[in-house]
Amino acid sequence: MATLGQDKFTYEVIENWAKLPNDWTFKEVGGVGADARDNVYVFSRGAHPMMVFDRDGNFLRSWGEGLFPRAHGVTMGPDETMFLTDDGDHTVRKCTLDGKVLFTLGTSGKPAPFMSGDPFHRCTHVAIDPRNGDFYVSDGYGNARVHKYTPDGKLLFSWGESGTDPGEFNIVHNIATDKDGWVYVADRENHRVQVFDPNGKFETQWVNMARPCGLYLDQQAGLAYIGELGAAIGPNAKARKLGPRVSIYNTEGQVLARLGEGPEGEEAGLFIAPHGICIDSRGDIYVGEVSWTHTGSRLSPPREIRSLQKLARKG
């Protein structure tokens, strides 16, 4: 049995947690979310994009077949809704928990011009301001922008451009908000998280991380969970302390724990490519990994490898 972390941030790795129907696979997991009942929503890139499990990993249902070409991000709303971001479709959909689409932002299959700043070109994630329901979209691979919307989907303003200075982005990959409305942006290839006020004004940045991909903020506890993708150069993937890993920060930017300091691997307690991350009401961590894109597709012969882990909190 593998254990990660220490003190109050100690976790037991629950192997083979998700009990998939016969012959079903995830292929890989772009995003993951948990609702108020601790049901877990796994947004995958296989034939069944959204698979729903109870907290023990029992399969409940699936939906979204044929609708999502490339699952990327899950953001749970406060009103039993969710936002699903599809970077391959260049859209953000607000859905009910059983899959009814309430509205769609972006034009399906049609990206905005590359680096135009207009929404969307391979958008990545959504964050909701808990104070008023305004939401932000990180955009993404073909843009270097954050867009802010009203709760009903009206664009208010956007900020950001390509670069390495404060307020600039090099793959704006994920986004989160805290209880006071501050906005946290995983600026992946700049190896940092930038923090902005609700008007897009740069406040500070957190550094000393390895390509932050997943980002989840526990608004009540003031904790940020960051899935770090790790080294971009193949030979460095065997090094220690470069990721892939999950790091836990407070909202002052202090590192509280690192989970997984070993190199990439399929063994319990190691990671391959952390991409989406969330916690449930008990503080258990769910990590979705884009293991097919990152590693499995490049093996000889190619094969699907583990793409979802549950870390049960012990501390």
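No hydrogens, no waters, no symmetry mates; every other heavy atom, side chains included, goes into these values.
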Please walk me through it: do Phe196 and Trp182 pass ring-ring contact (aromatic ring centres under 6.0 Å, His included)?
CA-CA 6 Å; Phe196 301 88; Trp182 293 95; 9.7 Å; no
For a ring-ring contact (aromatic ring centres under 6.0 Å, His included) check, start with the C-alpha distance between His90 and His121, then their side-chain angles and the critical distance, and finish with the verdict.
CA-CA 6 Å; His90 314 285; His121 193 125; 5.7 Å; yes
Going through the checks in order, is the ring-ring contact (aromatic ring centres under 6.0 Å, His included) test met by His48 and Phe26?
CA-CA 8 Å; His48 307 280; Phe26 291 125; over 10 Å; no
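Checked by atom type and distance alone, the side chain of Asn208 never pairs as donor or acceptor with a backbone atom of Val255 at under 3.5 Å. Listed for the Asn132 side chain is a donor-acceptor partner under 3.5 Å among the backbone atoms of Asp134.
Shown here are the salt bridge (Lys or Arg N to Asp or Glu O under 4.0 Å) partners of Glu80, two or more places apart in sequence or in another chain: Arg37.
Among residue pairs with one or both ends in residues 98-109, none qualify as salt bridge (Lys or Arg N to Asp or Glu O under 4.0 Å); sequence neighbours excluded. Within the structure, salt bridge (Lys or Arg N to Asp or Glu O under 4.0 Å) contacts touching residues 105-121 (residues at least two apart or in different chains) do not occur.
Taking a cutoff of 4.0 Å between a charged side-chain nitrogen and a carboxylate oxygen, Arg70 and Asp87 qualify as a salt bridge. Between Glu12 and Arg313 no salt bridge is recorded (no basic side-chain N to carboxylate O distance below 4.0 Å). Under the 4.0 Å criterion applied to side-chain N and carboxylate O atoms, Asp280 and Arg55 are assigned as salt-bridge partners. Comment: Asp129 engages Arg131 in a salt bridge, judged by a side-chain N to carboxylate O separation of less than 4.0 angstrom. Using a 4.0 Å cut-off between charged side-chain N and carboxylate O, Arg245 and Glu261 make a salt bridge.
For the side chain to side chain contact (heavy atoms under 4.5 Å, CB included) criterion with Leu311, the lone passing option out of Leu259, Ile14, Thr3 is Leu259. Tested against Asp139 for a side-chain hydrogen bond (donor to acceptor under 3.5 Å, both in side chains), the candidates Arg122, Arg145, His147 yield a single pass: His147.
Through side-chain heavy atoms spaced under 4.5 Å, either directly or across other Ile, Leu, Val, Met, Phe, Trp or Tyr residues, Leu105 is tied to Phe83, Val92, Phe103, Phe120, Val126, Ile128, Phe135, Val137, Tyr149, Leu155. The hydrophobic cluster analysis finds Val290 isolated: no Ile, Leu, Val, Met, Phe, Trp or Tyr side chain comes under 4.5 Å of it, directly or through other members.
Judged by distance alone, the side chains of Asp178 and Gln219 never bring a donor and an acceptor atom under 3.5 Å apart. Between Asp38 and Ser281, the side chains place a donor N or O and an acceptor N or O closer than 3.5 Å (distance only, hydrogens not considered). In this structure, a donor-acceptor pair under 3.5 Å is absent between the side chains of Ser162 and Glu168. Between the side chains of Thr295 and Glu264, at least one donor-acceptor pair of N or O atoms lies under 3.5 Å. Side chains of Ser108 and Thr91: no donor on one and acceptor on the other come within 3.5 Å.
For the pair Arg93 and Phe68, the cation-pi test (distance below 6.0 Å, angle within 45°) is passed.
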Taking distance alone, no hydrogens or angles, what donor-acceptor pairs closer than 3.5 Å link side-chain atoms of residues 300-308 to residues at least two apart or in another chain?
{"residue": "Arg303", "atom": "NH1", "partner": "Glu266", "partner atom": "OE2", "Å": "3.4"}
{"residue": "Arg303", "atom": "NH2", "partner": "Glu266", "partner atom": "OE2", "Å": "2.6"}
{"residue": "Glu304", "atom": "OE1", "partner": "Thr25", "partner atom": "OG1", "Å": "3.2"}
{"residue": "Glu304", "atom": "OE1", "partner": "Lys27", "partner atom": "N", "Å": "3.3"}
{"residue": "Arg306", "atom": "NE", "partner": "Glu289", "partner atom": "OE2", "Å": "3.4"}
{"residue": "Arg306", "atom": "NH1", "partner": "Glu266", "partner atom": "O", "Å": "2.8"}
{"residue": "Arg306", "atom": "NH2", "partner": "Gly265", "partner atom": "O", "Å": "3.4"}
{"residue": "Arg306", "atom": "NH2", "partner": "Leu270", "partner atom": "O", "Å": "3.1"}
{"residue": "Arg306", "atom": "NH2", "partner": "Glu289", "partner atom": "OE2", "Å": "3.1"}

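Between His125 and His275, the ring centre distance reaches or exceeds 6.0 Å. Aromatic pair His173/Tyr141: ring centres closer than 6.0 Å.
Heavy atoms from other residues, nucleotides or ligands lying under 6.0 Å from CG of Asp54 number more than 12.
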